[in-house]
There are 2 protein chains.
Amino acid sequence: MERNTRQRNAILGVISEAGRPLSTQEILIKGQAVVPSLSIATVYRTLKDLTTEGWILPVKLPGEADRYEVTKLGEHYHFKCSSCSKVFDIHERITNNNLPAPANFIVESYDLILYGRCSECVPKRGSPGSRTA
Amino acid sequence: MERNTRQRNAILGVISEAGRPLSTQEILIKGQAVVPSLSIATVYRTLKDLTTEGWILPVKLPGEADRYEVTKLGEHYHFKCSSCSKVFDIHERITNNNLPAPANFIVESYDLILYGRCSECVPKRGSPGSRTA
DNA sequence: TCGCTATTGATAACTTATTATCGATTGTGT
DNA sequence: ACACAATCGATAATAAGTTATCAATAGCGA
């Protein structure tokens, strides 16, 4: 049967408490703060299990390895900071009307990724090179 | 100096005429219809050159290898058909107002990918399992 | 607490995409 | 047409991420 190991609890714990999608390396580091012996193999194994069981979901960004977050967040999209590389959840609602497609095309889902500066990395007022798109 | 080879002409030709972003394998196959000896190494080499020279751009989708399209298309986004896996350009305009981010976050750019059925793969009217998102 | 077996940790192996190597080929200026 | 270097084709090498292997460890029911 399925066992309730320290490693599994630690991994689900750090993902649940992160508040944003975590990379496998982030999960490894944060998990090792709870279970120091934690191995990257166990991280991958457990992420696969937790995904299969429906607890977490992979977050896919172009050209990057999957990140993971808990399933219960509902529909949302993501913001990647071009300075610190962290990815944040955005829960504002986008209506399908805002996502036009050609006639005869059926839109079933979408991925929207915003790129820019998060609140921690926003340049000070008045510094150069900081206009928004 | 830079030479005007059959391979280079064929590769830029198939990308220009495709009307949608092509994968490296698609470029190889279509290019071999023009220059049968065309090698995958030449495809990668030429794609890198054409990108550096500004003729083409990589199109990045989550979890997939880069596709390529000509630069002159201007701002647009992409639609991936979940049936035939082809990627299409969408030239409808999206306003920044439609892409809300948290206060203090600066949006510099975005990637938007719609998933669904293209006009060729849309199920016939009345068939089951075909509601839009 | 004992014993069984699921799970772990360390690392080798694998996968897929891309790049490097190098002898053969082929544009291009003369 | 010639010469020569840019480019090509075939394939080995690389890179990053993920998975497999297997002896050691540790949940969990009795």
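Below, read A as the first sequence line, B as the second, and so on, with proteins coming before strands; counting in each chain starts at 1.
The side chain of Lys48(A) sits closest to dT19(D) out of dT19(D), dA20(C), dA26(D). When each of dT11(D), dT18(D), dT11(C) is scored by its nearest atom to the side-chain atoms of Ala41(A), the top-ranked nucleotide is dT11(C). Minimum atom distance to the side chain of Arg3(A) is reached by dA26(D), of the listed dT18(C), dA26(D), dG17(D). Considering only the side chain of Arg45(B), dA10(D) comes nearest among dA10(D), dA26(D), dT18(C). The side chain of Leu38(A) approaches dG9(C) more closely than any other nucleotide in the set dT21(C), dG9(C), dT8(C). Here the side chain of Val35(B) is nearest to one of dG9(D), dC8(D), dG27(D), namely dG9(D).
Between Glu64(B) atom CD and dG17(D) atom P there is a gap of 18 Å when expressed in whole angstrom units. Rounded to whole angstrom, the span from the CG atom of Asn9(A) across to the P atom of dA26(D) amounts to 15 Å. Atom C1' of nucleotide dT18(C) and atom CG of Leu47(B) are separated by 11 Å, given to the nearest angstrom. A straight line from CD of Glu53(B) to P of dT7(D) spans 9 Å, rounded to a whole angstrom. When rounded to the nearest whole Å, the span between CD of Glu26(B) and P of dA17(C) equals 13 Å. Per the geometry, CZ belonging to Arg8(A) stands 16 Å off C1' belonging to dA26(D), to the nearest Å. Rounded to whole Å, the distance from CZ on Arg6(A) to P on dC28(D) is 12 Å.
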message = Using salt bridge (Lys or Arg N to Asp or Glu O under 4.0 Å), reason through Glu64(A) and Arg67(A) one step at a time and then give a plain yes or no.
response = CA-CA 9 Å; Glu64(A) 304 187 37; Arg67(A) 294 170 155 86; 2.9 Å; yes
query = Between Arg20(A) and Asp89(A), does a salt bridge (Lys or Arg N to Asp or Glu O under 4.0 Å) hold up when you go through it step by step?
reply = CA-CA 6 Å; Arg20(A) 60 182 176 82; Asp89(A) 292 327; over 6 Å; no
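When Thr24(B), Val59(B), Leu22(B) are each tested for a side chain to side chain contact (heavy atoms under 4.5 Å, CB included) with Tyr68(B), only one passes: Thr24(B).
The side chain of Gln7(B) contributes an N or O atom lying less than 4.0 Å from OP1 or OP2 of dG9(D). OP1 or OP2 of dA10(D) has not a single side-chain nitrogen or oxygen of Ser39(B) nearer than 4.0 Å.
Note that the two end axes of the helix from dT1(C)-dA30(D) to dT30(C)-dA1(D) enclose an angle of 40°, each drawn from 5 base pairs, rounded to 10 degrees.
The 5' end of DNA chain D is approached more closely, in terms of each residue's nearest nucleotide, by Asn4(B) than by the other of Ile40(B) and Asn4(B). In terms of position on DNA chain C, the residue among Tyr44(B) and Thr5(B) whose nearest nucleotide sits closer to the 5' end is Tyr44(B).
Residues satisfying the side chain to side chain contact (heavy atoms under 4.5 Å, CB included) test with Glu53(B), not counting sequence neighbours, are Glu2(B), Arg8(B), Asp49(B), Leu50(B), Trp55(B).
Ring-plane geometry between Phe88(A) and Phe105(B) is classed as perpendicular, the angle between the planes exceeding 60 degrees on a 0 to 90 degree scale with a lower cut at 30.
The neighbour count for Glu92(B) CD, taken as heavy atoms of other residues, nucleotides or ligands under 6.0 Å away, is above 12.
Between Ile11(B) atom CD1 and Ser16(B) atom OG the span is 11.5 Å, to the nearest 0.5 Å.
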